[in-house]
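Structure record follows, encoded as structure tokens.
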Amino acid sequence: MTDESYTASVVGGTGFTGGELLRILAGHPDFEVVQATSRSADNMTVGRSHPNLRDLDLRFSDPDDLASVDVLFAATPHGVSMGRIDEFFEAADTVVDLSADFRLPAAELYDEWYDGHESPEYLERAEYALPELNRENLPGADLIAGGGCNATATILGLKPLVDAGALGPDTGEVVVDVKVGSSEGGAGGGAASSHPERSGVVRPYAPTGHRHEAEIEAYLDLSVSFTVHAVEMVRGASATCHVFPGEPLSKGDLWGAYRDAYADEPFMRLVSGGGGVYRYPEPKAVAGTNHGEVGFELDPGNRRVVVFSAIDNMTKGSAGQAVHAANVALGLPETAGLEFQGLHPVGSP
């Protein structure tokens, strides 16, 4: 614990991401959760919606009656935060938004990929939450925009090649295929996320035009061909990136690029073709943690590099990333509240 402690609230606390935020913040040495809001569960205990948090002495309150806090975490559907951002800043010094409302850097991108933006004047103020990408700009930030889970998995896989100069706007072709668990659809994910419909599938649900593609292209300055499949797991996002660089790469080049990028990162693991069952990154190996795994394999005959990355979409891809970014912004130890390891063996993540 540091000398500083911060009060926090979670707006939109009954959803899966809201519950994950409450779980992490409840165990954080430097945060005190003083409010969690929900219209549907107003005055009900947090444990009623999140049975893993039954010991948490906290009830949901009306989101129109915001407590004054140091940090407000917004786990609301897309479109809510951009309409309430002034209210959020009246209630808090720092706002961490986990929706898509501030994660793209320009209003014209919202015109292209979403339905426009209600508060475009805030976009230049927002800092993208992923510390492995944007750490240098996070200290002191008062508006932090969480990354999309599919974009996060992809960016973590490709960033070392961009940093090494093997990929760029005019260098190489990239085809990305992401497999995601049902929790990505949220607590109200609809018929496609119900267990009878989801069970046993490998279903392409965004063959082209997925909105997270905009993040990847904006923050890596790359053009990618991007497809997402829904698969039968609860937690997790696994990205397989087929990279065709302009110049041939060796195994040594790849090891050097990934080690340079992630050797000092507290939550990144390099898993590439070792022994045992888990030879490449798998969501199951990071379920419930803020860790990301990356790996690669070289296909010299086709001048192709296959890059693998895996995260827990609820943690590294959302709530854990948000808390990690808040730690950096507030000058707290980066790993505070996030040092928990996963479990093995486990069932479907």
Side-chain angles (χ1 to χ4, degrees), residues 128 130-136 147-180 210 212-229 236-286 289-312 316-317 321 342:
Y128 197 62
L130 188 62
E132 291 83 0
L133 179 76
N134 196 38
R135 178 178 284 103
E136 64 182 20
C149 57
N150 301 321
T152 294
T154 305
I155 288 170
L156 290 173
L158 295 177
K159 179 181 180 293
L161 298 180
V162 174
D163 290 347
L167 286 178
D170 303 311
T171 305
E173 180 184 359
V174 182
V175 179
V176 180
D177 184 272
V178 179
K179 309 289 195 304
V180 295
H210 193 287
H212 290 188
E213 187 176 320
E215 288 172 64
I216 301 163
E217 295 186 343
Y219 292 110
L220 291 185
D221 196 19
L222 286 178
S223 177
V224 299
S225 300
F226 191 77
T227 297
V228 183
H229 287 77
S238 176
T240 300
C241 307
H242 303 273
V243 178
F244 299 87
E247 298 294 332
L249 296 174
S250 68
K251 269 286 185 74
D253 294 332
L254 294 171
W255 280 107
Y258 282 86
R259 283 173 173 156
D260 287 348
Y262 294 138
D264 297 324
E265 288 292 345
F267 295 113
M268 295 304 297
R269 300 169 175 167
L270 184 52
V271 183
S272 190
V277 175
Y278 297 90
R279 299 177 59 225
Y280 297 100
E282 292 194 30
K284 186 175 179 179
V286 294
T289 81
N290 196 52
H291 291 286
E293 292 188 345
V294 294
F296 53 81
E297 197 57 74
L298 186 63
D299 180 11
N302 291 304
R303 298 186 64 172
R304 177 178 64 132
V305 179
V306 186
V307 175
F308 308 100
S309 54
I311 61 170
D312 183 322
K316 185 62 176 172
Q321 179 185 146

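Quick note: residue numbers are just sequence positions, from 1.
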Would you check if Leu167 and Val243 make a side-chain contact, meaning some heavy-atom pair closer than 4.5 Å? yes
Using a 4.5 Å cut-off on heavy atoms from C-beta on, say whether the side chain of Leu133 contacts that of Lys159. yes
Backbone N or O of Leu156 within a donor-acceptor pair of the Ser309 side chain at under 3.5 Å? no
Would you call the rings of Tyr258 and Tyr262 parallel, tilted or perpendicular, where under 30° means parallel and over 60° means perpendicular? tilted
For the atom pair CG (Leu222) and CD (Glu217), what is the distance rounded to the nearest 0.5 Å? 8.0 Å
Quick one: pull up NE2 in His242 and OG in Ser225 and give me the separation to the nearest 0.5 Å. 11.0 Å
Side-chain contact, heavy-atom cut-off 4.5 Å: Val307 with Leu161? yes
Looking only at heavy atoms, which two atoms of Gly292 and Ile311 are closest? And how far apart? CA-CG2, 4.0 Å
For Pro160, does its backbone N or O pair with a side-chain atom of Asp163 as donor and acceptor, under 3.5 Å? no
Tightest non-hydrogen contact, residues Ala237 and Val180, listed as CB-CG1, 4.0 Å
Restricting to non-hydrogen atoms, name the atom on Glu215 and the atom on Gly148 that form the minimum distance, rounded to 0.1 Å. OE1-N, 3.0 Å
Taking all heavy atoms of Leu158 and all of Leu220, pick out the closest pair and write down the distance. CB-CD1, 3.8 Å
Start with the C-alpha distance between Val305 and Asp299, add both sets of side-chain angles, then the distance that settles side chain to side chain contact (heavy atoms under 4.5 Å, CB included), and finish with yes or no. CA-CA 6 Å; Val305 179; Asp299 180 11; over 6 Å; no
Before accepting this row, confirm whether a basic side-chain N of the pair Arg135/Glu265 lies closer than 4.0 Å to the acidic partner's carboxylate O. yes
Between Glu213 and Val224 the two heavy atoms that sit nearest each other are OE2-O, 3.4 Å
Between Thr154 and Val178, is any pair of side-chain heavy atoms under 4.5 Å apart? yes
Check: Arg303 side chain, Leu249 main-chain N or O, donor-acceptor pair, under 3.5 Å: no
Using the ring centroid of each side chain, check whether Phe308 and Phe296 are separated by less than 6.0 Å. no
Test Glu293 against every option in Lys316, Met268, Arg269 by the side chain to side chain contact (heavy atoms under 4.5 Å, CB included) rule and name the one that passes. Arg269
Min side-chain heavy-atom separation Leu270-Val294 under 4.5 Å: yes
4.5 Å side-chain heavy-atom contact, Tyr280 and Thr240: no
Where do Ala151 and His212 come nearest, in terms of heavy atoms and distance? N-ND1, 3.5 Å
Side chain proximity check, Thr152 to Asn150, heavy atoms < 4.5 angstrom: no
Under 4.0 Å between a Lys/Arg side-chain N and an Asp/Glu carboxylate O for Arg279 and Glu297? no
Neighbour count above 12 (heavy atom, 6.0 Å) for Asn302 CG: yes
Side chain of Arg304, backbone of Phe244: donor and acceptor closer than 3.5 Å? no
Carboxylate-amine/guanidinium proximity below 4.0 Å for Asp177 and Lys179: yes
